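Since the structure comes first, as C-alpha cells, the remarks are kept for the end.
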Amino acid sequence: MTWLGLWHRDAQYFDPAGLTPEGENSCLLLREANALLARGALVLEVAMPVLHKPEPLILFERGGDWPLRFALSAVPGGGINLVLEQYGTVLHKTVNPTTKGRADRVRLTYSWDAPAFRGQLALEWPEGGRAEIAQIEGPRPWRLEDLQALLGGVPQCYVAPGVDYIALSSNLEPVGPMPGLAPDTPVDTEAGLRRVGDLRRGDLLRCASGKLVPVLHVATRQVPALGTFHPVRLRAPYFGLTQDIVVAPYQRMVLTGSEVEYLFGCEAVLAPAEMLAGTLTAHRELRQKPLTTYTQVILPGHEVPVAAGLGVESLFLGRLRRDRQALAASLFSDVDRNSLPEHAQPRYPVVRAFDAAILAEHRTA
C-alpha cells in the first residue's frame, strides 16, 4: 500500500491507485464508488502558536446520508485536540507534550485500523524523534470521497495558516526515529564506496574513527517531500564533501576542523542540515515530486559513517527497545527488539542555527 493524497497550499495530489507506480495494483479496490479506507493514516505538520485558548487547525464537515465532522485544534501548552464524528459516533482525544515540553513545530499522525479495532493519535517533535502517543479503540473507516474532499480543500474545509501539509496514507504510518539520507548517498565500506540504499545487515562500514563497524539494520521510508521532510542538498566541496548529497532537514552532520575547535572549544559538533540551508554550503531542493525516500543505517554504538567524505550521524534509537508502546508505533515494530541496540546520548553538542551559519561562513570565506 502507499500514499494516496497530499494537500499543500501550492498543490494538491490525490490518486486512489497511489501516488507512486508501486501502488497501482495494491489499491485497485479504492477506485470503486463509495470505497472505504478501512486502514490508513492522516499525517500533518503544523507550526504551533503560543496560545491562551484553543484555536482551530482543521475544520471539515460533510452532511448527507454519511455525515462527518473532523476537527483538530491546538490547545494551550502545545497539545492537539481531535474531535471526529462519523456515522453517529464521536471520537474525542487529546495529546499533550506533558514532560517533553512544547515545540515550535510538530507532526501529528492519526492512524486507524478498523478491522483490528485499533488506532492511535501521535504527536511528534520532529527534531528529536520524541512522540506522545494516545491509543484509540474501535476507530471507524473513512469514505474515500470524504478524504478526497478534505485534501482537495473544498469550501467546507478550513485549514489554519500554520498547517504546512496534510498527507493521506493507506498504511499505519510509523512515528519515532526516521532515516535521513537519500538512498543513492555513497558511504565508505570495507569494500569501498557503496550506496546506502544497497547496504544490508552484516555489511561493514568504515566510520569516521577509522574502525569497521557492522550494520545491524537498514531503515528506509517514503515520506511527503514537504515540511521537516523537504530534501536539503549539501554542496561539495564544503565540509569535505567529494560530491553533493541530499539529506532530510533533521539529518545531523558531524563537523570537525580548526574552526570548530576555535568557535566551540571541542573536537566536533552536530549540525542538522536545515541549519545550513540558505548558506552557500546547502540549500533546499526545488520540489519536483510530492514524495521522497530516505534511508539510514543502525549501528551498534551510534558510530559515525562517512558519506561522500562527510561524517553523518547514524540513526539514533536511544532506549527505544525498552519502550514497548513506542517500539510498536515505530518503523521497527516488526524487528526483534533483542536485535536493536541501545544508544547513549551523542557526545558532541548540537550547535544553534546562528552558530551553524557562522561556521558555514568560515568554510566559504
Side-chain angles (χ1 to χ4, degrees), residues 129 176-223 225 228-257 260 267-277 281-285 292-318 320 331-332 335 339-341 343-344 346-348 350 356 360 363:
M178 292 294 167
L181 298 178
D184 61 356
T185 305
V187 293
D188 288 355
T189 73
E190 180 187 31
L193 290 177
R194 290 181 60 188
R195 288 165 32 106
V196 67
D198 294 336
L199 296 177
R200 296 293 180 266
R201 178 179 171 86
D203 288 339
L204 294 178
L205 294 188
R206 192 172 300 280
C207 293
S209 64
K211 295 181 180 179
L212 291 175
V213 178
V215 173
L216 299 184
H217 296 282
V218 179
T220 299
R221 190 187 176 199
Q222 186 183 63
V223 291
T228 55
F229 293 127
H230 192 135
V232 173
R233 178 174 293 273
L234 302 177
R235 300 177 58 210
Y238 303 114
F239 300 112
L241 282 169
T242 57
Q243 68 176 68
D244 290 5
I245 61 173
V246 175
V247 302
Y250 49 81
Q251 175 64 54
R252 299 195 292 199
M253 284 72 64
V254 180
L255 306 182
T256 60
V260 171
E267 63 175 330
V269 294
L270 295 171
E274 64 180 342
M275 291 187 177
L276 299 174
T281 65
H283 62 81
R284 289 183 177 270
E285 290 279 79
T292 190
T293 299
Y294 293 120
T295 301
Q296 187 51 288
V297 293
I298 299 173
L299 303 179
H302 192 222
E303 292 86 356
V304 178
V306 179
L310 173 64
V312 295
E313 187 180 38
S314 58
L315 195 57
F316 177 73
L317 298 186
L320 178 68
L331 199 56
F332 313 101
V335 175
S339 71
L340 294 173
H343 292 149
R347 57 176 177 156
Y348 303 127
V350 180
R363 293 295 173 95

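No hydrogens, no waters, no symmetry mates; every other heavy atom, side chains included, goes into these values. Every value quoted in this text rests on a predicted model; they were computed, and no experiment measured them. Numbers here are sequence positions counted from 1.
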So which atom in [X] and which in [Y] form the shortest heavy-atom distance, rounded to 0.1 Å?
X      : Y      : answer
Pro249 : Thr228 : CD-O, 3.2 Å
Thr295 : Gly197 : CG2-CA, 4.2 Å
Ile245 : Ala308 : CG2-CB, 3.7 Å
Pro231 : Ala225 : CD-CB, 4.1 Å
Pro300 : Pro341 : O-CB, 3.4 Å
Leu299 : Cys207 : CD1-SG, 4.1 Å

Reported [atom1]-to-[atom2] distance for the pair [X] and [Y], which is rounded to 0.5 angstrom:
X      : Y      : atom1 : atom2 : result
Asp198 : Thr185 : CG    : OG1   : 11.0 Å
His217 : Ser339 : NE2   : OG    : 3.0 Å
Arg195 : Thr189 : CZ    : OG1   : 13.5 Å
Asp203 : Leu216 : CG    : CG    : 11.5 Å
Asp188 : Leu205 : CG    : CG    : 8.5 Å
Leu331 : Arg221 : CG    : CZ    : 7.0 Å

- Message: If the test is side-chain contact (heavy atoms from CB on, under 4.5 Å), which one of Leu276, Val304, Leu270 qualifies with Met253?
- Response: Leu276
- Would you mind listing every side-chain hydrogen bond (donor to acceptor under 3.5 Å, both in side chains) that reaches into residues 230-247, with sequence neighbours excluded? Arg233-Glu285
- Take Glu267 and Val260, measure what side chain to side chain contact (heavy atoms under 4.5 Å, CB included) needs, and give me the verdict at the end. CA-CA 7 Å; Glu267 63 175 330; Val260 171; over 6 Å; no
- So the ring pair (Phe, Tyr, Trp, His ring centres under 6.0 Å) pairs with at least one residue in residues 293-312 (sequence neighbours excluded) are His302-Phe316, His302-His343
With a 4.5 Å cut-off on side-chain heavy atoms, are [Y] and [X] touching?
X      : Y      : result
Val350 : Val269 : no
Leu234 : Leu241 : yes
Ile298 : Val218 : no
Gln296 : Pro177 : no
Val247 : Val312 : no
Pro346 : Glu313 : yes

- Any chance you could lay out the side chain to side chain contact (heavy atoms under 4.5 Å, CB included) test for Arg194 and Leu199, step after step, and finish with the verdict? CA-CA 7 Å; Arg194 290 181 60 188; Leu199 296 177; 4.0 Å; yes
- Worked check of side chain to side chain contact (heavy atoms under 4.5 Å, CB included) between Leu340 and Phe332: CA-CA 9 Å; Leu340 294 173; Phe332 313 101; 4.2 Å; yes
- Query: Going by an N to O cut-off under 4.0 Å, is there a salt bridge joining Arg252 and Glu274?
  - Reply: no
- Task: Check step by step if side chain to side chain contact (heavy atoms under 4.5 Å, CB included) holds for Val223 and Thr292.
- Result: CA-CA 6 Å; Val223 291; Thr292 190; 3.8 Å; yes
- Query: Between the main-chain N or O of Gly301 and the side-chain N or O of Glu303, is there a donor-acceptor pair closer than 3.5 Å?
  - Reply: yes
